[in-house]
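Taking it in order: structure first as structure tokens, then the write-up.
None of these values were measured; they are calculated from a predicted model.
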Amino acid sequence: MSVRFFDTYTRQLETFTPQDPAAVKLYTCGPTVYNFAHIGNFRAYIFEDLLQRHLEARGYGVLRVMNLTDVDDKTIRGCRQLGVRLAEFTKKFKDAFFDDLATLRIKRAQHFPAATDYVEQMIEMIRVLMDKGVAYQAEDKSLYFRIGKFADYGKLAHLNLEELRPSGRIQSDEYEKESIGDFALWKAWDENDGDVRWDSPWGPGRPGWHIECSAMATALLGPELDIHCGGVDNIFPHHEAEIAQSECVTGRKFVRTWLHCAHLMVEGEKMSKSAGNFYTLRDLIEKGWSGREIRYALLTVNYRLPLNFTFDGLAGARSALGRIDEWVVRLTERSKDASTPVADAVDFSAHTERFFTALDDDLNISGAMGQLFDLIRESNRAMDAGKFNATSAAMLLVQWERINSVLGFERDAVAIPAEVLMLVEQRQAARAAKNWAESDRLRDAIAELGWIVKDTKDGAKLTAR
RNA sequence: GGCGGGAUAGCCAAGUGGGAAGGCCGGGGUCUGCAAAACCUCUACGAGCGGGUUCGACUCCCGCUCCCGCCUCCA
């Protein structure tokens, strides 16, 4: 069974063949740390998390790098407005970003290089580009990449550069460049940059955005990456520029497979601050949604399709997760129940295999989730029918762990307070005595402590509200 | 204007040239002191519109409508 991905460069499904299956080189464009990341950003990071987890489930070792852009126009503007040093300003948002990753159960990359720690490597790459004549210094002292020197420029985005329609935002301020499409490698210092500056052979300044990723990717992963991901908006010009810079320096193919995820919409509209539908992860947590509910909502739509993020969808995520939770609890109990028949072991491993086979097909998460819910319904049915013994349940739990290693949907472990347990015990006694009034009073008291008690065939069960 | 993606039930959404997955919501049932939960079960004679190819089209082809994205530093 082979894994296939839709490669942005070829626009085709391609069989995945990494250079070294034990160390798949995965580079994912990370955040610019000038603000709290929003759910659109996290859609991309969750897609990349699914990618990493599925590759690992399929036996690959993944070496992942996610960069942090901690110097650019926005971070400089932000720190200048607050009158603090750049590093101090970005530290806050770096920390917040890592907290958010944990909230969403996104696995950590092996490396989170910050741009400001790799300026030396960027300067070195630029020097090579200057030596080769593919970069030049313009009148404004900034250095630019000469796109006319790189024949493949535009091939990732499938753009015909001759036919580009000039858009409004590139008209002014760019007259120093030889060609309108040339992009900045090094931005000469000006007074708006304050004390944010590095020395270079070409004068003080700071690196351009694109060269960051080229430098950090090649420094940490070598000249040739197996997979490079990002949002679709990064295809052009960012990733196009990365290819041009990297390949001109190394002479090697930069990336074997390009994967890009589509944007998300909110309630059917483009997310924007002006439309009032702009949410950071923190905004949603404040509204009472959990990290795993948000994870579910962002994960369960194929990464290449626009995702319509809605509060109905979040509610649906909550219900679906609750159903999975109940199933896991039921399986766990059944696995410990020695009284179940031994003869009728039921094997659901075919469902599990289909779950992974679906993901092999360009991370078809919808198909995979369909398999999971088929598995849940059919095993519930088997348990209802009394056909499902402890051994079968234990086997199925092992399969669930495999599935969940990719999904990351397990319930948070919550400790039940002793006070609640005590009330539940009192209530059990009241119920045994058929003292329903007292039983109902205790149920209310438990509810006030934040727990819902449910009387099932197997006794009282508690759920955090 | 160029390039690309899309339209499947109230909402989200998959696969497939021949019986339209799955989830949420909703209806019914089982269980139950009550409640809640859970579980089971039902819910698209039809796939944006119009043609065509075919024994057969949601799927392939053509045209149309609408939506979304990118076209020079946004995940």
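- Sorted by first and then second residue, the salt bridge (Lys or Arg N to Asp or Glu O under 4.0 Å) pairs involving residues 294-310 of chain A (not counting sequence neighbours) are A/Asp49-A/Arg295, A/Arg304-A/Asp362.
- Using C1' as the reference atom, B/rU32 and B/rA36 are 10 Å apart when rounded to the nearest Å.
- Between the CG atom of A/Asp73 and the C1' atom of B/rU72 there is a distance of 14 Å, given to the nearest Å.
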Distances for protein N/O vs nucleotides 15-17 of chain B N/O pairs under 3.5 angstrom?
| unit_1 | atom_1 | unit_2 | atom_2 | d |
| --- | --- | --- | --- | --- |
| B/rG15 | OP1 | A/Asn364 | ND2 | 3.4 |

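- A/Asp190 and A/Arg206 are not joined by a salt bridge, as no carboxylate oxygen comes within less than 4.0 angstrom of a charged side-chain nitrogen.
- When the C1' atom is compared between B/rG10 and B/rC25, the two are found 8 Å apart, to the nearest whole Å.
- Remark: B/rA47 base-pairs with no nucleotide; criterion is Watson-Crick or G-U wobble with both hydrogen-bond distances under 3.5 Å.
- Across all strands, A/His38 comes closer than 4.0 Å to base atoms (heavy-atom distances).
- Here B/rC73 presents its P atom at 12 Å from OH of A/Tyr144, a figure rounded to the nearest Å.
- A/Arg443 has its CZ atom 11 Å from the P atom of B/rC34, to the nearest Å.
- Here, B/rG27 and B/rC60 have their C1' atoms 39 Å apart, quoted to the whole Å.
- Rounded to an integer number of Å, the gap from CH2 of A/Trp436 to P of B/rC34 is 9 Å.
- Taking atom NZ of residue A/Lys155 and atom P of nucleotide B/rG2, one finds them 22 Å apart after rounding to whole Å.
- Remark: A/Lys270 is not in phosphate contact with B/rC74, judged by side-chain N or O atoms under 4.0 Å from OP1 or OP2.
- B/rG51 and B/rG69 are spaced 30 Å apart, taking the C1' atom of each and rounding to whole Å.
- For the C1' atoms, the distance from B/rC24 to B/rG19 is 25 Å, rounded to whole Å.
- Pairing partner, B/rA20: none, since no Watson-Crick or wobble contact has both distances short of 3.5 Å.
- Across all strands, A/Phe183 comes closer than 4.0 Å to no nucleic acid atom at all (heavy-atom distances).
- Surrounding NZ of A/Lys149 are at most 12 heavy atoms belonging to other residues, nucleotides or ligands under 6.0 Å away.
- Under the Watson-Crick or G-U wobble criterion, with both distances below 3.5 Å, B/rC60 is paired with B/rG52.
- On the C1' atoms, B/rA57 is 11 Å away from B/rG52, given to the nearest whole Å.
- Taking the six-membered ring where tryptophan is involved, the planes of A/Phe348 and A/Phe388 are tilted, since the angle between them lies from 30° to 60°.
- Using a 4.0 Å heavy-atom distance criterion, A/Arg427 is classed as a base contact.
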Dump the pairs, protein N or O against N or O of nucleotides 6-11 of chain B, anything under 3.5 Å, distances to one decimal.
none

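- Between A/Trp209 and A/His238, the ring-plane angle classifies as parallel under the 30° and 60° cut-offs.
- Residues passing the ring-ring contact (aromatic ring centres under 6.0 Å, His included) test with A/Phe112 are A/Phe98, sequence neighbours excluded.
- For A/Lys177 and B/rU72, the shortest distance from a side-chain N or O to OP1 or OP2 is not below 4.0 Å.
- Using cut-offs of 30° and 60° for the angle between ring planes, the A/Phe356 and A/His54 rings count as parallel.
- Rounding to whole angstrom units, CG of residue A/Asp233 and C1' of B/rC68 are separated by 14 Å.
- Among the atoms of the strands shown, none is found under 4.0 Å from any heavy atom of A/His238.
- Remark: A/Phe5 pairs with A/Phe16 by the ring-ring contact (aromatic ring centres under 6.0 Å, His included) rule, at least two apart or across chains.
- In this structure, A/Ile403 atom CD1 and B/rG22 atom C1' are separated by 14 Å, rounded to whole Å.
- Applying the Watson-Crick and G-U wobble criteria (two distances, each under 3.5 Å), B/rC73 pairs with nothing in any strand.
- Taking atom P on both nucleotides, B/rU59 is separated from B/rG48 by 8 Å, rounded to a whole Å.
- Using a 4.0 Å heavy-atom distance criterion, A/Lys74 is classed as a sugar-phosphate-only contact.
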Protein-nucleotides 36-39 of chain B N/O pairs under 3.5 Å:
| unit_1 | atom_1 | unit_2 | atom_2 | d |
| --- | --- | --- | --- | --- |
| B/rA36 | N1 | A/Asp455 | O | 3.3 |
| B/rA37 | O2' | A/Lys454 | NZ | 3.1 |
| B/rC39 | O2' | A/Asp384 | OD1 | 3.2 |
| B/rC39 | O2' | A/Asp384 | OD2 | 2.1 |

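- The distance between atom CG of A/Asn67 and atom C1' of B/rA75, rounded to the nearest whole Å, is 12 Å.
- Taking a cutoff of 4.0 Å between a charged side-chain nitrogen and a carboxylate oxygen, A/Glu240 and A/Lys155 do not qualify as a salt bridge.
- Taking all atoms of both residues into account, the shortest heavy-atom contact from A/Ala188 to A/Asp140 is CB-O, 3.4 Å.
- Closest heavy-atom contact between A/Cys79 and A/Phe89: CB-CB, 3.6 Å.
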